Novice: 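Take this structure first; my questions come after.
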Amino acid sequence: MTDEAHQESDSGIHRLEQHRRDNRRAVAELGLSPYGSRTPGLETLAAAAARYDPAADAEHKERGKEDGFEDRRPAVKVAGRVVLHRDNGSLVWMNIRDDTGDLQIAISKRDCPDAEFRLAKITDVGDVVVAEGPLVRTRTGEVTVWAFSLRPASKCLIPPPEKHAGLQDVELRYRQRYIDMWANPRTLRVFKLRSKIVSRTRRFLDERGFLEVETPMLQSLAGGAAARPFITHMNALDLPLFMRIAPELYLKRLLVGGLPRVYEINRNFRNEGLDKHHNPEFTSLEVYEAFGDYSTMMELTESLIRELAQLVAVEFENASGRDADEGELHVGLTLPFGDLAIDYGSPFERVTYAELFRRVLGFAMTDARRARAEAKKRGLKHDGLADALVVNELFERIAEPTLDPARPTFVTDYPAALSPLTRTHADDPELAQRWDLFIGGMEIGPAYTELNDPDIQDARFREQLAGIGEAESTFRTLDEDFLRALKVGMPPAGGLGLGIDRIVMLLTNQRTIRDVILFPLMRPAD
RNA sequence: GCCCUCCUAGCUCAAUUGGCAGAGCAGCUGACUCUUAAUCAGCGGGUUGUAGGUUCAAGUCCUACGGGGGGCACCA
């Protein structure tokens with residue numbers, strides 16, 4: 001048996017990787033450094049291609065061989081990863097890619113130093129190169145860098161994915177995102193958009209006088225939500241710590257301290273299941289506004305999401321090369337999400353919890369006996385549940401799914417029994433000043449008029465804690481310091497929580513949360 | 001936690017009823033100065049996720065395990 005019969009050589013290196021290692025050595029033997037060095041004066045592929053000058057190109061084609069001819073074709077210096085490689089003998093073509101697009105490079109034996117022409121011949125798909133030369137248009141009409149210089153910048157030792165289909169294996173796409181990103185341009189587009197969505201969100205809030213803050217992610221009490229936390233440990237203080245499940249209780253302390261408008265965009269960690277809408281670590285936006293309430297939060301949220309949709313619509317137009325003046329998206333401002341066309345331009349729908357319940361179920365949510373009978377009839381949970389929970393079971397299973405997923409909808413005024421930590425209406429203590437926003441069938445986030453009476457908050461906390469089981473009590477305890485902060489006096493306030501990952505899913509038309517998180521949690525492969 | 005489903009060459013995918021594991025791309029050798037999923041001629045490349053089992057014979061059927069995807073349940 002020869003070595004060639006083995007997939008791997010004695011050193012355990014795959015034959016395809018070995019060929020690439022051999023090519024890397026050949027590059028070094030040409031006197032070129034396979035891993036490149038600092039390179040000033042580079043421009044993006046899109047910017048370079050945009051500088052193509054048809055007149056100069058035509059002039060050069062006509063009179064390029066005349067004595068004393070002055071070449072006025074713009075010369076560009078670009079870098080990118082090789083995605084296609086066509087060796088035509090004494091003329092090598094390659095297409096390189098950066099985050100702005102692809103560009104064709106031609107390396108001719110006649111016009112390039114010998115070592116650099118030989119580099120072109122042994123360049124592998126996946127390598128990163130720097131090319132320099134005038135912009136020309138080929139006979140088939142493609143803008144091309146006609147290189148007078150080609151340099152190596154980095155070697156790709158791993159065989160790349162299939163050149164046309166790209167990297168299809170979902171598992172590999174998540175585990176080896178660095179390949180997915182360059183092999184599938186769509187992936188890079190989504191994550192660039194995500195970044196723009198987040199920075200526009202910051203700008204939107206900054207412009208309105210909100211201050212971005214960072215509160216603890218390691219907490220000795222994990223409060224602000226009812227999820228299971230991750231537990232960790234600090235050696236120096238021999239202290240058990242929780243990863244935060246929400247920043248809420250710290251942000252409210254800041255209202256007490258005298259910051260009237262604060263927000264935080266950061267990670268939360270919840271030790272629960274994972275599915276297409278849940279990753280154990282996810283990014284949320286929380287906003288608090290002193291002297292606001294859940295209505296001011298509603299206006300803020302609607303404007304923010306409309307502005308983000310507008311941003312994405314403009315990006316789409318730019319990407320598809322459409323004339324921005326066409327205005328089609330601006331008039332309607334709809335964005336695709338799967339089979340839906342979600343309308344962000346029209347005023348969002350508003351419906352009260354009670355109204356939606358009555359409309360769909362046919363009776364008032366205050367009719368507990370009827371609700372219980374209805375739940376039983378439909379085979380929903382009801383035994384041993386409080387009235388409000390039976391009503392909510394009907395609401396979530398029957399009423400909520402009737403919302404039009406193509407119309408962003410605020411469901412307002414939840415039963416107070418379901419929202420013990422929210423201020424109730426002055427004229428109806430059974431209703432909480434809370435709304436939830438639904439878009440595309442997903443819950444995007446809630447907002448509240450915050451409770452700021454320390455005695456009521458204290459009582460509600462204790463009621464909640466009284467109802468929990470043994471297991472929960474290990475991570476749910478009363479935050480005495482938070483109650484002390486409320487006793488110092490927190491102004492009346494509106495509070496908002498939005499799931500950033502889900503907003504990005506909606507706006508970039510990605511059906512699973514893993515496609516908007518760069519490195520979603522995966523089980524270790526081995 | 002339960003149910004369904006997928007895992008075949010570096011990548012993308014085939015393989016009929018259980019009957020010799022294949023193709024394209026990528027790779028290697030050669031030709032080619034306007035190609036563009038370059039083309040042309042030739043050549044290599046496999047422990048079919050892992051471990052067992054049934055069978056004359058297993059990619060295919062059975063069991064367990066690992067990983068992925070989907071659904072259900074759980075989860076203010």
Side-chain angles (χ1 to χ4, degrees), chain A residues 2-8 13-20 22-23 61 83-96 102-112 117 120-122 124-126 136-144 146 156-176 179-180 183-184 224-228 245-246 248 270-278 280 381 388-389 392 396 414-422 432 434 436 443 446 448 460 464 467-468 471-472 476 497 511-512 514 520 522-526:
Chain A
T2 66
D3 281 351
E4 274 298 305
H6 290 287
Q7 179 172 300
E8 294 183 349
I13 294 174
H14 192 278
R15 61 193 154 80
L16 293 176
E17 178 174 340
Q18 191 54 54
H19 286 132
R20 285 165 177 265
D22 293 345
N23 282 341
K61 282 194 174 87
V83 291
L84 292 171
H85 185 268
R86 298 178 292 281
D87 185 342
N88 216 327
S90 298
L91 180 61
V92 178
W93 303 90
M94 48 182 82
N95 293 60
I96 64 173
D102 292 3
L103 186 60
Q104 179 168 270
I105 314 290
I107 303 95
S108 162
K109 187 175 172 60
R110 193 184 299 134
D111 300 320
C112 220
F117 173 71
K121 296 196 69 91
I122 57 171
D124 290 308
V125 172
V136 306
R137 201 186 275 282
T138 62
R139 280 175 203 161
T140 46
E142 182 158 345
V143 171
T144 300
W146 199 268
C156 179
L157 295 174
I158 303 291
E162 209 272 343
K163 66 183 176 187
H164 199 57
L167 186 63
Q168 294 298 317
D169 187 301
V170 176
E171 184 174 355
L172 288 180
R173 288 188 50 229
Y174 299 150
R175 288 191 195 277
Q176 301 177 21
I179 295 176
D180 181 36
N184 298 328
R228 296 180 69 89
I245 55 176
E248 171 167 347
R270 297 191 178 176
N271 204 342
E272 288 167 1
L274 66 176
D275 58 36
K276 65 201 293 192
H277 297 128
H278 296 83
K381 280 187 309 185
L389 293 178
N392 198 46
E396 286 186 355
Y414 277 62
L418 297 174
S419 312
L421 304 184
T422 306
R434 163 193 170 179
D436 264 35
E443 185 186 349
Y448 311 88
R460 297 276 171 80
Q464 271 205 325
I468 65 176
E472 278 176 290
R476 243 179 253 179
R511 251 61 59 78
T512 91
R514 295 183 202 95
M522 302 288 275
R523 281 193 156 89
D526 295 312

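What you see is a predicted model; the values in this text were computed from it and never measured. Convention: sequence-line order gives letters A, B, ...; per-chain numbering from 1.
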Novice: Between A/Leu167 and A/Leu91, which residue's closest nucleotide on RNA chain B lies nearer the 5′ terminus?
Specialist: A/Leu167
Novice: Are the side chains of A/Asp124 and A/His85 in touch, meaning some heavy atoms are under 4.5 Å apart?
Specialist: no
Novice: For nucleotides B/rC6 and B/rG49, find the distance between their C1' atoms and express it as a whole number of Å.
Specialist: 11 Å
Novice: With sugar-phosphate meaning primed atoms plus P, OP1 and OP2, does A/Asn392 contact a base, only sugar-phosphate, or nothing at under 4.0 Å between heavy atoms?
Specialist: nothing
Novice: The side chain of A/Glu162 lies closest to which of these nucleotides: B/rG68, B/rC25, B/rC34?
Specialist: B/rC25
Novice: If I pick the P atom on B/rG42 and the same atom on B/rA37, what distance separates them, to the nearest angstrom?
Specialist: 23 Å
Novice: Roughly how many Å is it from CG in A/Asn23 to C1' in B/rA26, rounded to a whole number?
Specialist: 13 Å
Novice: So what's the dot-bracket for RNA chain B: Watson-Crick or G-U pairs under 3.5 Å, [ ] if a pair crosses, | if it pairs off-strand?
Specialist: (((((((..((((.....[..)))).(((((.......))))).....(((((..]....))))))))))))....
Novice: Quick check for you: among B/rC11, B/rU35, B/rG69, whose closest atom lies nearest to any side-chain atom of A/Val170?
Specialist: B/rG69
Novice: Any side-chain N or O of A/Lys163 less than 4.0 Å from the OP1 or OP2 oxygen of B/rC25?
Specialist: no
Novice: Roughly how many Å is it from CG in A/Leu274 to P in B/rG67, rounded to a whole number?
Specialist: 12 Å
Novice: Any side-chain N or O of A/Arg86 below 4.0 angstrom from OP1/OP2 of B/rC34?
Specialist: no
Novice: Any idea which of B/rC11, B/rU12, B/rG68 is nearest the A/Met522 side chain?
Specialist: B/rG68
Novice: I need the CZ-C1' distance between A/Arg20 and B/rA26, as an integer number of Å.
Specialist: 8 Å
Novice: Check the distance between B/rU8's P and A/Leu172's CG and give it to me in whole angstrom.
Specialist: 10 Å
Novice: If you measure from the C1' atom in B/rG46 to the same atom in B/rC62, how many Å do you get, rounded?
Specialist: 25 Å
Novice: Show, in sequence, the C-alpha distance, side-chain angles and deciding distance for A/Arg514 and A/Arg173, and conclude whether the side chain to side chain contact (heavy atoms under 4.5 Å, CB included) test is met.
Specialist: CA-CA 10 Å; A/Arg514 295 183 202 95; A/Arg173 288 188 50 229; over 6 Å; no
Novice: A/Gln168 has a side chain; which of B/rC25, B/rU35, B/rC13 sits nearest to it?
Specialist: B/rC13
Novice: Name the closest nucleotide to the A/Arg15 side chain, picking from B/rG10, B/rC32, B/rU33.
Specialist: B/rG10
Novice: Keeping A/Asn184 on the side-chain end and A/Leu167 on the backbone end, is there a donor-acceptor pair under 3.5 Å?
Specialist: yes
Novice: Between A/Thr138 and B/rC34, is there a side-chain N or O to OP1/OP2 distance below 4.0 Å?
Specialist: no
Novice: Should A/Leu421 and A/Glu248 be marked as a side chain to side chain contact (heavy atoms under 4.5 Å, CB included) after you check the CA-CA gap, both sets of side-chain angles, and the distance that decides it?
Specialist: CA-CA 12 Å; A/Leu421 304 184; A/Glu248 171 167 347; 5.7 Å; no
Novice: Pair A/Gln176, A/Ile158 - check side chain to side chain contact (heavy atoms under 4.5 Å, CB included), show working.
Specialist: CA-CA 12 Å; A/Gln176 301 177 21; A/Ile158 303 291; 5.7 Å; no
Novice: Within less than 4.0 Å of OP1 or OP2 of B/rC25, is there a side-chain N or O belonging to A/His164?
Specialist: no
Novice: In terms of side-chain heavy atoms of A/Gln104, which of B/rG69, B/rU35, B/rC11 is nearest?
Specialist: B/rU35
Novice: Could you pick out which residue, A/Tyr174 or A/Leu418, lies toward the 5' side of RNA chain B when each is mapped onto its nearest nucleotide?
Specialist: A/Tyr174
Novice: Less than 4.5 Å apart, any side-chain heavy atom of A/Arg20 and any of A/Cys156?
Specialist: yes
Novice: Whole Å only: how far is the CG atom of A/Leu157 from the C1' atom of B/rA26?
Specialist: 16 Å
Novice: May I have the step-by-step check of side chain to side chain contact (heavy atoms under 4.5 Å, CB included) for A/Thr512 and A/Asp275, ending in yes or no?
Specialist: CA-CA 8 Å; A/Thr512 91; A/Asp275 58 36; over 6 Å; no
Novice: Where the side chain of A/Glu272 is concerned, which of B/rC75, B/rG70, B/rC34 is the nearest nucleotide?
Specialist: B/rC75
Novice: Given 3.5 Å as the limit, does a donor-acceptor pair link the side chain of A/Arg460 with the main chain of A/Pro420, or not?
Specialist: yes
Novice: B/rG69, OP1 or OP2 - any side-chain N/O from A/Arg514 closer than 4.0 Å?
Specialist: yes
Novice: With P as the reference atom in both, quote the distance from B/rU63 to B/rU5 in angstrom, rounded to an integer.
Specialist: 11 Å
Novice: Please tell me which of the listed nucleotides, B/rG10, B/rG71, B/rC28, lies nearest to the side chain of A/Lys276?
Specialist: B/rG71
Novice: Rounded to whole Å, how long is the line connecting atom CD of A/Glu171 with atom P of B/rG70?
Specialist: 12 Å
Novice: Would you say A/Arg523 places a side-chain N or O within less than 4.0 Å of OP1 or OP2 belonging to B/rC65?
Specialist: no
Novice: Rounded to whole angstrom units, what separation is found between the CG atom of A/Leu16 and the C1' atom of B/rA9?
Specialist: 9 Å
Novice: Taking side chain as C-beta onward, heavy atoms only, is A/Met94 less than 4.5 Å from A/Val125?
Specialist: no
Novice: Which of the following nucleotides, B/rU35, B/rG70, B/rG10, is nearest to the side chain of A/Pro159?
Specialist: B/rG10
Novice: Say whether A/Arg434 and A/Ser419, considering side chains only, have a donor N or O and an acceptor N or O under 3.5 Å apart.
Specialist: yes
Novice: If we take the C1' atom in both B/rU60 and B/rU54, what is their distance in whole Å?
Specialist: 13 Å
Novice: Expressed in whole Å, how much space separates the C1' atoms belonging to B/rC25 and B/rG53?
Specialist: 38 Å
Novice: With C1' as the reference atom in both, quote the distance from B/rG67 to B/rU55 in angstrom, rounded to an integer.
Specialist: 29 Å
Novice: Just to be sure I understand the rule, does A/Arg434 reach a base, reach only the sugar-phosphate, or reach nothing, if contact means heavy atoms closer than 4.0 Å?
Specialist: base
Novice: What integer number of Å spans the C1' atoms of B/rC13 and B/rU17?
Specialist: 23 Å
Novice: Think A/Lys381 has a side-chain N or O under 4.0 angstrom from the OP1 or OP2 of B/rC74?
Specialist: yes
Novice: In whole angstroms, how far is the C1' atom of B/rC75 from the CZ atom of A/Arg270?
Specialist: 10 Å
